Amino acid sequence: MHPVNQRSRQEKSWTTRRDAKAERLARAARVTKGRVIPTDNIVEALELLLIPGDRVVLEGNNQKQATFLSKALARVDPGKVNRLHMIMSSISRPEHLDIFEKGIAETIDFSYAGPQSLRVAQMLEDGKLKMGDIHTYLELYGRLFVDLIPSVALIAADKADGAGNLYTGPNTEETPVLVEATAFRDGIVIAQVNELVDELPRVDIPGSWIDFIVVADNPYQLEPLFTRDPRHITDIQILMAMMAIRGIYERHQVQSLNHGIGYNTAAIELLLPTYGESLGLRGKICKHWVLNPHPTLIPAIESGWVESVYCFGGEVGMEKYIAARPDVFFTGRDGSLRSNRAFSQVAGQYAVDLFIGSTLQMDRDGNSSTVTAGRLAGFGGAPNMGHDPRGRRHSSPAWLNMMTSDDPLARGRKLVVQMVETFQKANRPVFVESLDALHVGQEAGLATSPVMIYGEDVTHVVTEEGIAYLYRANSLEERRQAIAAIAGVTPIGLEHDSTRTEQLRRDGLIAFPEDLGIRRTDAKRSLLAAKSVEDLVDWSGGLYEPPARFRSW
Amino acid sequence: MSTAFLFPGQGSQQPGMLHNLPRHPAVAETLDEASEALNENILVWDSKEALTSTVAVQVALLVAGVAAARALVAEGAQPDMAAGHSVGAFGAAVVANVMHFRDAVPLVKLRGELMEKAYPQGYGMGVVVGIQERKLATIVEKHVTNDAPVFIANRNSPDQITISGSIRGIERILALARKEGARKAELLKVKVPSHCRLLQSVSAELAAALKTIPFRRPDIPYAGNRTARALLDPEAIREDLALGISHPVRWHEATSLLFEMGARLFIEMPPGRVLTDLARQAFPAARAVSVSDSGIKTSSILVKREKTME
C-alpha cells in the first residue's frame, strides 16, 4: 500500500455529481409533489433545479418539440439562471432563441436550425450566441456521452404514469438517447407529458430514468414534415425517378435504402407499383427501408414491395395505418409504432445500400450544400446517411457492385445518390462554380465549411439530363466531366466540352434516358400509383388520416 | 402564431390614396391629426399632381399606413411586430409606440425635403429582377466608374434588387444585367439616389432632427431596415430611422427574421400590395394580405384568429 493512495482515498469524494443532484432535488422539493411538478410551478421549479452554466439538453428535433418546457425555460429569471449551455438537435422554434436573447443561455451545440437559420447567423454575428459546434445527429448524440454530458434534460412524451414511466408511442424519436445520457450520469430529467394516466399502453422509457413529470398546458407540437402531396410531382421528377429506378436501383440491385423527403424521391416511391412492376423488379429491389413513414410509400407497401421499414420518428396521420401493418413496421405490444432516431441514423449510415437525396447547390466536384447566403441551417442527419462509412465490413450485392478494381483488398461502397433538377425555382442554377456554404462558413468563422455531402462520397448524380456514374471515374477530371455533362445550361454545364459526351457514354460514366431504355415522352403523371393525397387514403383502405392541411377534397 | 404589420415605402403611392382609405373613426382622427401637424389640409396631398413631389409622397405614405394600422388596433387587431420599407419605417415606429405620430409627420416631411434637395438631376434608381445579389454585386464592382457611381441598394427579395446612383451608370449596369440573364432590369421613376452613401448628408441632418424628439421603448419588436435586426432599444431605432436613407434596405432579411420570430400573418398597410406580394413569394407557409384588398374588417378577423393558432 502506498500512503499517497490511502490519503487520497480518504479525502476525495467520488460522488460529487450525485451529491449535487441530491441538493438540487432537495431545493426544489417545496414546489414539487413527489415526482410531479404542478403545471403552474414549472418556471419556479426550473429556477430551483437549474444553476448558471448548466449544460441543458432540450428536446426539439425536426418533428417532436418539448414546447411547454422550452416556453417555460424562456420565462425563467435570467438573474437566477444564466449562461446555460444548450444542446439541441434542432433549433426550430422562436422561443429557442429568445432563451439566448434574454441572456438565460449563452452557448449552443446543435445539428439543425433550418427554421431559425437567419436568426442563428445574426445572433452569432452580434455575439448573442456562442457557437459550440454544428453536428450531424449522430455526432451530437455521441458527444452526449463524451464531452457534452447534460446536467439537465428537458424532454417530451405523450403520457406518464405515477411511477414516472413514459409512453412516447410512435414519436419516440430521440427521447431515449437524451434521457440515457443524462440519467446515468446523475443529471436531472424533466419530462413534459400530455397526460398523466394510471396505466400506459406500453413503457417506452422506464420511470427510474426520470426525475420529474409535468403535465403540459398544451400537447407538444408535432409537424407533419414527411408528407408530400403527389399532386405537386412533375413530369420531370417522374423522368428522373424512372432513371433512378432503371439506372441505379435495378442496375446495382439496391435492396435496402433511405430516401430524402423531396418530391423526387416521393416520385420513386409512387413509381414502384407501376413502372417498377412493369420491369419485373418487385422482390428484387427496395425491400428494406430506413425511413420516416412517408405516406407516399403506402402504394408500394400495399403492392407487396416492402418487407420492412424502420423509422426515425412518426408521421402525423399514419398511426392507424402503421398499427395495422405490423409485418412491415416496428410496433410495440400496444400496436403502435416504435421509432428511434439514434438507431435509425445508425441503420441509415451503416446498414443500407443506398441513400438518395436532393440539394440546393452542387459544385463542379460534386460537393453539395443546402446552406444559402446569411443562414446557418446546419446538417441534421443527411451527412450520416449521405457518406460512405468506411468501417463497414458486411457486403451486399449493391455495395460490392461499386468495386471498380480487382485489387485483392478492394471493397465496396455505399451508394450515395444526389437527385437534382439543374435549376431550382427563380431560375437559380443548382450547379454552381462555388458553394454559398464557403462564404457563409467564412463569415460565421466556422472551422470548416458547412458542406452537406462531400463530392468524394457521391457515387451518382441524377438530373433531368441523365445520370453521372461518378464511382466509375478514374480521376477528378473525369468526375468533373461526368457532372458537367448532365448539368444542363448551368454555369458548370456550359463549361462542358460536348465532344467528350459520346466517349463518356461509351465508358459508362454517364447515361441518358435513351441509354436506359426510357422514352422522355413516357414520363407522365399517369404513371404515379397515387396522384393525390386522396388516392393515398384509398390505397390505405381509409387507415391513413392526413392532417387537415393536406385534405383538399 | 404572430402577426406583423408592414408599411410600404415610395413606389406604392397612388393618386387618391388618402381619400380612398377605409372609412373608420381612427382613420378620420389620423387625417385630422396630420393636417394639424402640417398646418394644412392633408387631403390635398394625394392628388396626382401633388404626388409628383417626394415630400408629398412620403408624408402621404406615413399618414395612410398609420391611419389603417390604428383602425385595425381599434378593432382589436394588435400587431405582434412591425416593419416598414424605407419611409414606411416611420409608420412602423409610430405603431410600435416608439414615437408620436405628430412628431413623425414633420420629420418625414423634412426627410422628403432633404432628399429632393440632395441631387436635383441626373440621379435615380433602377431595379433588377432575376439574378442573385452576389452576381449583381460582381457586375457593379467590375463596371462602375467614379464619375458615374452606382451602388447596390435595396434587397427586396433574393432576386429583386434595386440599385442607386447616377442615371448614366445605372443604365450601363441595367444593360449588363439584362445580358447576364435578368428577367427585368429597368429605371425606376424615382428622382433621388436613395439608400446608398450618396445620401449621407441627408442622414446627418435627419439624425440631428431625430435627436430633438422623445423616443420610447417599443411595445413590439421593430425590424430595422439597415441591420435587419429586431430592435427593442429606442436609440437603435432612432439610428435606424436616420441611417436608413443612406443604407440599403435589407427587406427580405428583415421580413425573414419576422417569419422566424413566429409571424405567420403579414398585413400590409395601404396603399397597394407590393409588400404582400413579396411576403407571399418569400413565405409560402405564411399568409399575406393587404388592407387595400381585404379591408379593415377581414384583416382584423385574420389577426384575431392568428393569435389563437399555436
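Only heavy atoms go into these numbers, but all of them, side chains included; no hydrogens, no water, no symmetry mates. Just so we're clear, the structure is a prediction, and the values are computed from it rather than from any experiment. Numbers restart at 1 for each chain; the letters A, B, ... are given by sequence-line order, proteins then strands.
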Ion pair [X]/[Y], N-O distance below 4.0 Å:
X	Y	result
E101(A)	R119(A)	yes
D159(B)	R428(A)	no
K64(A)	E59(A)	yes
E306(B)	R287(B)	no

Review point. Which region of S117(A), side chain (C-beta onward) or backbone (N, CA, C, O), has a non-hydrogen atom less than 4.5 Å from a non-hydrogen atom of chain B, or is it both or neither?
Key: both
Point to revise | Which atoms of D98(A) approach chain B - backbone, side chain, both or neither, heavy atom under 4.5 Å | key: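 D98(A) has no heavy atom closer than 4.5 Å to chain B.
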**Study point:** Leading residue by heavy atom contact count with chain A [cutoff under 4.5 Å; candidates M261(B), Q132(B), R229(B)]
**Key:** R229(B)
Practice item. Quick one: which of G181(B), P158(B), A228(B) has the most heavy-atom pairs under 4.5 Å with chain A, could you say? Key: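 Greatest number of close heavy-atom pairs with chain A: A228(B).
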Practice item. Specify whether Y263(A) and H232(A) have parallel, tilted or perpendicular ring planes, treating 30° as the upper limit for parallel and 60° as the lower limit for perpendicular. Key: perpendicular
Point to revise | Region of E253(B) that comes under 4.5 Å of a non-hydrogen atom in chain A | key: both
Exercise for review: Give, as side chain, backbone, both or neither, the part of T227(B) having an atom under 4.5 angstrom from any heavy atom of chain A.
Suggested key: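 Backbone of T227(B) only, per the 4.5 Å heavy-atom cut-off to chain A.
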